[in-house]
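To start, the structure under review is shown below, and the notes come after it.
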Amino acid sequence: QVQLVESGGGLVQAGGSLRLSCAASGLSFSWYTMGWFRQAPGKERELVAAVNYSGGSTYYPDSVKGRFTISRDNAKSTVYLQMNSLKPEDTAVYYCAADRNMRIRTTAHQYDYWGQGTQVTVSS
């Protein structure tokens with residue numbers, strides 16, 4: 001079955017950096033768009049980064065643009081999220097997701113598979 005396993009979350013001070021990883025198995029990884037979503041308590045799940053199947057196209061909302069970088073290694077079936085200049089408002093559970101559509105889509109319900117999530121906490 002399909003598994004997406006995130007790692008790399010933790011506690012960091014404001015201004016610091018974290019790198020999240022998501023290892024995928026059970027799917028043809030190079031055919032999927034991959035996304036990183038986050039969900040804070042009481043808030044909706046939001047897309048913070050996405051990369052298309054080849055890695056040639058990426059998407060970031062304005063809230064993280066210039067601070068977050070998504071990348072993928074199709075040979076390792078892994079997607080990464082480098083997060084720099086972290087702010088307390090970045091605190092959330094971060095989820096990796098896979099969309100069998102080769103073009104980037106931005107809505108959570110359009111993604112087919114999800115990881116279990118990893119907590120990121122940014123202290124002020």
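This one's a predicted model, so the numbers in the text were calculated from it and none came from an experiment.
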Do you know the tightest heavy-atom contact between [X] and [Y]?
X     : Y      : value
Val93 : Gly117 : CG1-CA, 3.8 Å
Pro88 : Ser124 : CG-CB, 3.8 Å
Ala49 : Pro61  : N-CD, 4.5 Å
Thr78 : Lys76  : OG1-O, 2.8 Å

Is it true that a side-chain atom of [X] and a backbone atom of [Y] form a donor plus acceptor pair closer than 3.5 Å?
X     : Y      : result
Gln82 : Thr69  : no
Asn74 : Ser77  : no
Glu46 : Arg38  : no
Asp99 : Thr33  : no
Glu6  : Gln116 : yes

Is there side-chain contact between [X] and [Y], with at least one heavy-atom pair below 4.5 Å?
X      : Y      : result
Tyr32  : Tyr113 : yes
Thr91  : Gln119 : yes
Thr121 : Leu11  : yes
Arg100 : Trp31  : no
Met34  : Phe29  : yes
Val2   : Asp112 : no
Met83  : Leu20  : yes

Applying a strict under-4.5 Å side-chain criterion to I, L, V, M, F, W and Y, I'd like to know whether [X] and [Y] cluster together.
X      : Y     : result
Val48  : Tyr60 : yes
Val120 : Trp36 : yes
Tyr94  : Val64 : yes
Ile104 : Val51 : no

Within this structure, what is the [atom1]-[atom2] distance for the pair [X] and [Y], rounded to the nearest 0.5 Å?
X      : Y      : atom1 : atom2 : value
Gln110 : Arg103 : CD    : CZ    : 13.5 Å
Ser7   : Arg19  : OG    : CZ    : 9.5 Å
Gln1   : Ser25  : CD    : OG    : 7.5 Å
Ser57  : Met102 : OG    : CE    : 13.5 Å

Subject >> Tyr53 atom OH: more than 12 heavy-atom contacts under 6.0 Å >> reply: no
**OP:** Please name the residue in the list Val79, Leu81, Val5 that meets the side-chain contact (heavy atoms from CB on, under 4.5 Å) test with Cys96.
**Re:** Val79
Subject >> Among Thr58, Asn84, Asp90, the one residue meeting side-chain contact (heavy atoms from CB on, under 4.5 Å) with Phe68 >> reply: Asp90
Original post:
With the threshold set at 4.0 Å, does a side-chain nitrogen-carboxylate oxygen contact exist between Asp62 and Lys65?
Top reply: yes
Original post:
Is the charged tip of Arg45 near the ring of Tyr111: under 6.0 Å from the six-membered ring centre and within 45° of its axis?
Top reply: no
Original post:
Taking the inter-plane angle between the rings of Tyr95 and Trp114 on a 0 to 90° scale, is it parallel (under 30°), tilted (30 to 60°) or perpendicular (over 60°)?
Top reply: perpendicular
